[in-house]
Amino acid sequence: MDRRTFLGQTAATLATTWTGAAAARAEPSTLQTPAASPAAAPQVVVLGAGLSGLAAAYELEKAGYAVTVIEARTRPGGRVLTYRDPFADGLYAEMGAEYVDATDEFDHRFCKELGLKVMTARLYDAIFVRGQRFKMAEFKRDKLALPYAGTEGGRLFGQEGAYLKRLLALIKDPETLPPEVLKLDNLSVVELLAQEGAPEDIAALFTYTQACESTARPHEMSALHLVRSHRRSFSEDTDEGRILGGNDQLPKGLARALAGQVLYNRPVRKIAHDAEGATVSFEEGGALRTIRAPRLVVAIPFKVLRDIEVTPSFSPAKTKCIATLAYGHVMKLAMQYQQRFWDEPGSLGQRVFTDTMLRRLYHFSIDQPGPRGILMSFTSGADAEALGRMTDAERVRTALAEATKIWAEAPRHFEGGAVKYWNEDPWIRGSYSFEGVGQARDYLEIAAAREGRVHFAGEHTSVHRASMNGALESGVRAATEILKAAGA
């Protein structure tokens, strides 16, 4: 189905298909609960049909709850977005969340339940930085040096580790950090590296390694986060994968399992909560409608929640967290080529780490036969923001020019491209979250904490933040909170 012409329904038609839980609580409405609906079932309203909201609703529905999911878009998935329409020969591209790591417990659990297969992705096989080219195998074997001062030969990610040894030695128990480490939350990554004697090039390289993965700039990122997460950071050897046939099958599968319990095209405008439950006001067919339930799960990005009226206000700590939690800039660019020249003898590689504006450039169509293929770029931080100021046509032209620096033959085979800049998406307004300066010490705990009968889910509330795995985990956690509160 063309995503731009997703099935629309009028308010009158939608009213007749509401779940019993939604209809029984709707105000001002004269709708009656259908006789067949489980009117006595405990009720929960979930805001957002991204992976976190869907996972929470899915778990609660299995436990016998009457769940209503309210979604502003006309599709499920949130940041999970698979494009098919723009491409030829059945090609597709992930324009949002992409990777399923081998250790992603919740990704694999839900894929297994829904009968989805996870396909291993390619590892980095080439590097193109500061105009120099390296094939990864030779780079590692011969311990070649990157053109960055202070780096260790044969290593790409984690070069900052050499300058963190003093601080890492202070950590005897990761669950009980010493004061000297905790106070690093007041420093940025750039400030910490300078303090520990690292050359400026180490911070410059970090911009394209971990900061790029976080969609941030090093001067925005908490030094405490860097030290605390260093041993489990992303690297060129991370075992990644994707869902065969498209990641959107996961949210679509969860949405199908929930049947008519997901209500689309209903932006939420107000939340009122008290000791007995919560009332949500949302737009429907040009009118403002309300729905009330004893429990509410808020599973939308904090950047969007900032513009929703909340009465009474959440606690001061939660309100501050919602207002200031850091989000980066991120863009995906998919370029269709008539021929897969990156597979030809003499090509630098299929998956290239680069300091060009494209940052991560890789062959996406590894599971699809045929001569045509898609090169995908994941870019973030300052480069995504710069591209974001361009039109889509300019973004694609710039992407082609940057790809040509790596593969001179790219223009001969180029057929077109598609772009998704998440910062201009009205229901996301940025990338996933990251721990900014002053936010690594307690923001995660604050973001995840419930407020009375209001529970919170989303990657920003998970220890596995910035991932599909984290979104799913947070939804399961929120559902578990509700079940425990009910004595289940």
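We use all heavy atoms of the structure for the numbers below, so side chains are in, but hydrogens, waters and symmetry mates are not.
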Charged N-O contact under 4.0 Å between Glu59 and Lys62: yes

Step-by-step side-chain contact (heavy atoms from CB on, under 4.5 Å) determination, Arg289 to Phe282: CA-CA 5 Å; Arg289 303 291 296 274; Phe282 56 93; 3.9 Å; yes

Student check: side-chain heavy atoms of Leu358 and Thr379 closer than 4.5 Å: no

Note, Leu193 side chain near Val189 side chain (heavy atom, < 4.5 Å): yes

Smallest separation among heavy atoms of Glu191 and Asn186, with atom names: OE1-O, 4.3 Å

Under 3.5 Å: donor-acceptor pair, side chain of Tyr208, backbone of Arg359: no

Aromatic plane relationship, His464 with Phe106 - under 30° parallel, 30 to 60° tilted, over 60° perpendicular: tilted

Ring centre gap for His273 and Phe314 strictly below 6.0 Å: yes

Straight-line distance of Met468 CE to Glu98 CD, nearest 0.5 Å: 8.5 Å

Backbone of Arg269 reached by a side-chain donor or acceptor of Ser281 within 3.5 Å: no

With Glu445 via side chain to side chain donor-acceptor pair (under 3.5 Å) - residues at least two apart: none

Distance, nearest 0.5 Å, that separates CG of Leu81 from CE of Met95: 7.5 Å

Ala299 backbone acceptor or donor facing His455 side chain under 3.5 Å: no

Where Ala55 and Gly475 come nearest, the two heavy atoms and their spacing: CB-CA, 4.2 Å

Inter-residue atom distance Leu226.CG - Glu160.CD, 0.5 Å rounding: 5.5 Å

Heavy-atom check, side chain of Ile171 versus side chain of Leu177, under 4.5 Å: yes

Sub-6.0 Å ring centroid separation between Tyr362 and Tyr124: no

Under 3.5 Å: donor-acceptor pair, side chain of Gln249, backbone of Ile243: no

Value rounded to 0.5 Å, distance of CD1 in Ile482 from CZ in Arg477: 10.0 Å

Derivation of the side-chain contact (heavy atoms from CB on, under 4.5 Å) call for Arg360 and Glu213: CA-CA 10 Å; Arg360 306 283 190 272; Glu213 295 301 322; 2.8 Å; yes

Sidechain-backbone polar pair: Asp392 side chain, Val419 backbone, donor-acceptor under 3.5 Å: no

Side chain to side chain donor-acceptor pair (under 3.5 Å) evaluation trace for Asp185 with Ser222: CA-CA 5 Å; Asp185 200 22; Ser222 168; 2.7 Å; yes

Atom of Ala399, atom of Leu333 and distance for their closest heavy-atom approach: CB-CD2, 3.8 Å

Mutual orientation of the aromatic rings belonging to His460 and Tyr327 [parallel < 30°, tilted 30-60°, perpendicular > 60°]: tilted

Residue pair Leu184 / Leu192, side-chain heavy-atom distance below 4.5 Å: yes

Closest heavy-atom pair and its distance - Gly64, Pro42: O-CD, 3.9 Å

Ser474 side-chain N/O to Gly458 backbone N/O, donor-acceptor pair under 3.5 Å: yes

Close side-chain approach of Arg109 and Val476, heavy atoms under 4.5 Å: yes

Arg84/Asp248 salt bridge by N-O under 4.0 Å criterion: yes

Ser467 side chain near Tyr432 side chain, heavy-atom distance below 4.5 Å: no

Expected output: side-chain Lys318 to main-chain Ala447 donor-acceptor under 3.5 Å: yes

Which atom of Gly48 lies closest to which atom of Val69, heavy atoms considered: O-CG1, 3.6 Å

Over all atoms of both residues, closest heavy-atom pair of Val227 and Leu168: O-CD2, 3.6 Å

Any Leu387 side-chain heavy atom under 4.5 Å of Tyr421 side chain: no

Asn423 side-chain N/O to Val330 backbone N/O, donor-acceptor pair under 3.5 Å: yes

Donor-acceptor contact present, side-chain Arg266 to main-chain Tyr264, <3.5 Å: yes

Arg429 with Asp307: basic N within carboxylate O range, under 4.0 Å: yes

Spatial distance of atom OG1 (Thr207) from atom CE (Met221) [nearest 0.5 Å]: 9.5 Å

Salt bridge present between Glu424 and Arg395 (N-O < 4.0 angstrom): yes

Residues, nucleotides or ligands: over 12 heavy atoms within 6.0 Å of Arg441 CZ: no

Evaluation steps, side chain to side chain donor-acceptor pair (under 3.5 Å), between Thr68 and Gln261: CA-CA 5 Å; Thr68 301; Gln261 294 163 267; over 6 Å; no

Spacing of Thr279 atom OG1 and Asp274 atom CG [to the nearest 0.5 Å]: 6.5 Å

Glu180 side-chain N/O to Leu167 backbone N/O, donor-acceptor pair under 3.5 Å: no

Derivation of the side-chain contact (heavy atoms from CB on, under 4.5 Å) call for Gln439 and Phe434: CA-CA 9 Å; Gln439 298 183 1; Phe434 67 89; over 6 Å; no

The single option from Lys332, Lys303, Arg73, Arg79 passing salt bridge (Lys or Arg N to Asp or Glu O under 4.0 Å) against Asp425: Arg73

Steps toward side-chain contact (heavy atoms from CB on, under 4.5 Å) verdict (Tyr99, Asp104): CA-CA 10 Å; Tyr99 290 115; Asp104 286 348; over 6 Å; no

Side-chain touch Pro76/Glu71, heavy atoms, less than 4.5 angstrom: no

Six-ring centre of Phe364, Arg242 cation under 6.0 angstrom, axis tolerance 45°: yes

Lys/Arg N to Asp/Glu carboxylate O, Glu276 vs Arg453, below 4.0 Å: no

Residue pair Glu459 / Ser52, side-chain donor-acceptor N/O under 3.5 Å: no

